[in-house]
Amino acid sequence: MRADVRGFGWRFAGRRDWAVRGLDLTVEAGERVLLLGASGAGKSTLLAALAGLLPEDSGESEGVVEAQRAALLFQDPQTQLVMSRSGDDVAFGLENLGVPGPEIWPRVDRALDLAGFPYGRDRPTAALSGGEAQRLALAGVLAIRPALLLLDEPTANLDPAGAALIRDALARALDPDAALIVVEHRVAEVLPLINRVVVLAAGGGVLADGPPDRVFAEHGATLAEAGIWVPGHPIAPRRAGHPAGDEVLRADRVSVHGRLDLAELGIRRAHVHAILGPNGAGKSTLARLLGGLLAPDSGAVRATPALAGPDASRPPHRWRAAALAGRIGSVFQNPEHQFVTGTVREELALGPRRQRRSPADVTAVVDGLLERLRLTRLAGANPFTLSGGEARRLSVATALAAGPAVLVLDEPTFGQDRRTWIELIDLLAALRDSDGAAIVAVTHDPDVVAVLADEVTTLGAGR
């Protein structure tokens, strides 16, 4: 037996609701488990508990969690890379486990090969793309030969090609006697890796458990209704039923050294413009340029007088912060990078207060966004204790709070269950159709393109 959970519950400090409660689960050696559940059902909390990463002083626990030699791979590889040289990063865990020196480098080289890492030990970690960094992080956990491998949405930040490489590496590298538990919203893609599906109930406990075919056949409609990404349940398009409005923002011949070289791009009102491309192509750099958060090395980003008013003669990165937030809202790829207050409610109130809106207006804006994005029960929570999906919805809400005419979102749907994904897409469609907002969505999510995008620009190798 590799993992045994009996009556497990966990509540973060300062929170009224339990993140997970009343959970019983046993995972045997060799099992490959896909862990599903609606956003906030406690999937990441369970993985952290199995990995021994829930400090006693950070919350209240109940029940028993037993796991043997567990290793956890996170969504964001940058949270796990600690050394400047790739080989040293993989060796770090082995050294901490006291592995004899002569054994370390052969195990490092073997792990790098198993993970499909395309470079040798000397590659600087700072020079890696997102997909390469995730394969290095995977090599780090494979090197310690875990009995229980835990994966928390390991492909969420990767383009489709990079995600496929990670899945191929897992299929090739996983010890047959090791147990695997993976949290992943890309259900169809991960099915070849797994032989068991466990669905956590939002209110606690297990909603469904068994072989994938049986779970989806018996519970497919119920699971889709509960927010699970069940294969074979398509989502109807939400494309604009009207022509795009006037152009409000334009990038001409912009370049940022080593990350982006773009000829031209126009952003129009009442229009959703999706930006696609592989990891490292410069999508996030382009998002920061359009959002006024980065100055180009050459070329220019310009806004029309209709958007910029008296600032139309200056590029967005030269505007005052309050003026920028009221015109162009930005949502970062990593939600926690934009949180600055101690509660969800205060985070949402920050933008309207900076605009010197009345207390009544601030309250109305905050309450409306809490309701629309299913965050009301979390109003008093610390933003840094939210699940990945909840943090993403809060980051979108903070950008919307200032009422911008242009919204630039970097991976807006990552970490969302099916229900909150639909609600987020419906919100963006309403902003486009009812408010005339210009929306830019940098994404790896093909469903965003299929359901919402009116126009697509694909970057390749930074161009």
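When reading the values below, keep in mind they use all heavy atoms of this one structure, side chains included, and skip hydrogens, waters and symmetry mates.
Of the inter-residue distances, the one linking L294 atom CG with L289 atom CG reads 4.5 Å to the nearest 0.5 angstrom. If you take CG on L81 and CG on L136, they are separated by 5.5 Å, rounding to the nearest 0.5 Å. The structure places CD of Q338 at 8.0 Å from OG of S330, a figure rounded to the nearest 0.5 Å. Atoms CD1 and CZ, from I422 and R238 in turn, are 6.0 Å apart once rounded to the nearest 0.5 Å. For the atom pair CG of L348 and CG of L375, the computed distance is 7.0 Å after rounding to the nearest 0.5 Å. Once rounded to the nearest 0.5 Å, the distance linking CZ of R392 with CG of L386 reads 12.0 Å.
N195 and G30 make their closest contact through ND2-O, 4.0 Å (heavy atoms, listed as atom of the first residue, atom of the second, distance). Closest approach of G232 to P234, counting heavy atoms only: O-CD, 3.3 Å. Scanning both residues, P212 and I194, for their nearest heavy atoms gives CG-CD1, 3.3 Å. Taking each heavy atom of V408 and A287 in turn, the nearest pair found is CG1-O, 3.6 Å. Among all heavy-atom pairs drawn from G42 and V20, the shortest one is CA-CB, 4.2 Å. Annotation for P383 and F339: closest pair CB-CD1, 3.6 Å, computed over non-hydrogen atoms.
With sequence neighbours excluded, the residues satisfying ring-ring contact (aromatic ring centres under 6.0 Å, His included) with F117 are Y119. By the side-chain hydrogen bond (donor to acceptor under 3.5 Å, both in side chains) test, T155 is found to be paired with E184, residues two or more places apart in sequence or in another chain being considered. Listed by chain and number, the residues in a side-chain hydrogen bond (donor to acceptor under 3.5 Å, both in side chains) with S298 are S255 (sequence neighbours excluded). With sequence neighbours excluded, no residue satisfies side-chain hydrogen bond (donor to acceptor under 3.5 Å, both in side chains) with T125. Remark: R196 engages E31, D209 in a side-chain hydrogen bond (donor to acceptor under 3.5 Å, both in side chains) (not counting sequence neighbours). With sequence neighbours excluded, the residues satisfying side chain to side chain contact (heavy atoms under 4.5 Å, CB included) with R372 are L427, A430.
One N or O on the side chain of D24 and one on the backbone of G7 form a donor-acceptor pair closer than 3.5 Å. In this structure a side-chain-to-backbone donor-acceptor pair under 3.5 Å is present from Q80 to L72. Under the 3.5 Å distance criterion, the side-chain polar atoms of R135 are left unmatched by any main-chain donor or acceptor of A169. Checking side-chain atoms of R239 against main-chain N and O of A453 turns up a donor-acceptor pair under 3.5 Å. The main-chain N or O of T341 is found under 3.5 Å from a side-chain atom of E347 such that the two form a donor-acceptor pair. The backbone N or O of M83 lies less than 3.5 Å from no partner atom in the side chain of D88, so there is not a single donor-acceptor pair.
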Between V183 and L34, is a side-chain contact (heavy atoms from CB on, under 4.5 Å) present by the stated rule, with each step listed? CA-CA 6 Å; V183 172; L34 173 60; over 6 Å; no
Q. Can E423 and L373 be said to form a side-chain contact (heavy atoms from CB on, under 4.5 Å), step by step?
A. CA-CA 7 Å; E423 290 170 349; L373 291 172; 5.9 Å; no
List the steps and the verdict of side-chain contact (heavy atoms from CB on, under 4.5 Å) for L350 and T398.
CA-CA 8 Å; L350 188 63; T398 57; over 6 Å; no
**Q.** Residue pair L46, L150: steps toward the side-chain contact (heavy atoms from CB on, under 4.5 Å) verdict
**A.** CA-CA 10 Å; L46 174 59; L150 308 166; over 6 Å; no
Practice item. Show your working on side chain to side chain donor-acceptor pair (under 3.5 Å) between D417 and T420 and close with a plain yes or no. Key: CA-CA 6 Å; D417 64 38; T420 57; 3.0 Å; yes
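Applying the salt bridge (Lys or Arg N to Asp or Glu O under 4.0 Å) test to pairs two or more places apart or on separate chains, those with a residue in residues 38-61 are R11-E60. Pairs passing the side-chain hydrogen bond (donor to acceptor under 3.5 Å, both in side chains) check and including a residue from residues 217-232, sequence neighbours excluded, do not occur. For residues 105-117, the side-chain hydrogen bond (donor to acceptor under 3.5 Å, both in side chains) pairs, not counting sequence neighbours, are D109-R121. Identified under the salt bridge (Lys or Arg N to Asp or Glu O under 4.0 Å) test for residues 382-391, with sequence neighbours left out: R377-E390.
Between R167 and E189, no side-chain nitrogen of the basic residue sits less than 4.0 Å from a carboxylate oxygen of the acidic one, so the salt-bridge criterion is not met. For E264 and R253, the salt-bridge test fails: no basic side-chain N is under 4.0 Å from an acidic carboxylate O. A salt bridge links R268 with E455; the closest basic N to acidic carboxylate O contact falls under 4.0 Å.
Under the 6.0 Å distance and 45° angle rule, R418 does not count as a cation-pi partner of W421.
The shortest distance between side-chain heavy atoms of V199 and L35 does not fall below 4.5 Å. At a threshold of 4.5 Å between non-hydrogen side-chain atoms, the residues L23 and L200 count as touching. Proximity of P404 to I328: side-chain heavy atoms (C-beta onward) are nowhere separated by under 4.5 Å. Within the 4.5 Å cutoff, no side-chain heavy atoms of L452 are placed close to those of P237. At a threshold of 4.5 Å between non-hydrogen side-chain atoms, the residues F332 and S395 do not count as touching. Residues D168 and L170 are not in side-chain contact: their nearest non-hydrogen atoms beyond the backbone lie 4.5 Å or more apart. Between H317 and P296 the shortest side-chain heavy-atom distance falls below 4.5 Å. When side chains are defined from C-beta on, I275 does not count as touching T443, because their heavy atoms never get closer than 4.5 Å.
For the side-chain contact (heavy atoms from CB on, under 4.5 Å) test with H273, the passing option among L290, D454, L265, V442 is L265; the others fail.
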What side-chain donor-acceptor pairs closer than 3.5 Å can you find for residues 94-102, not counting sequence neighbours?
from: N96; atom 1: ND2; to: F92; atom 2: O; distance (Å): 2.7

For residues 172-182, dump all side-chain donor-acceptor pairs below 3.5 Å to protein atoms at least two apart in sequence or in another chain.
from: R172; atom 1: NE; to: L114; atom 2: O; distance (Å): 3.4
from: R172; atom 1: NH2; to: L114; atom 2: O; distance (Å): 2.8
from: D175; atom 1: OD1; to: D177; atom 2: N; distance (Å): 2.8

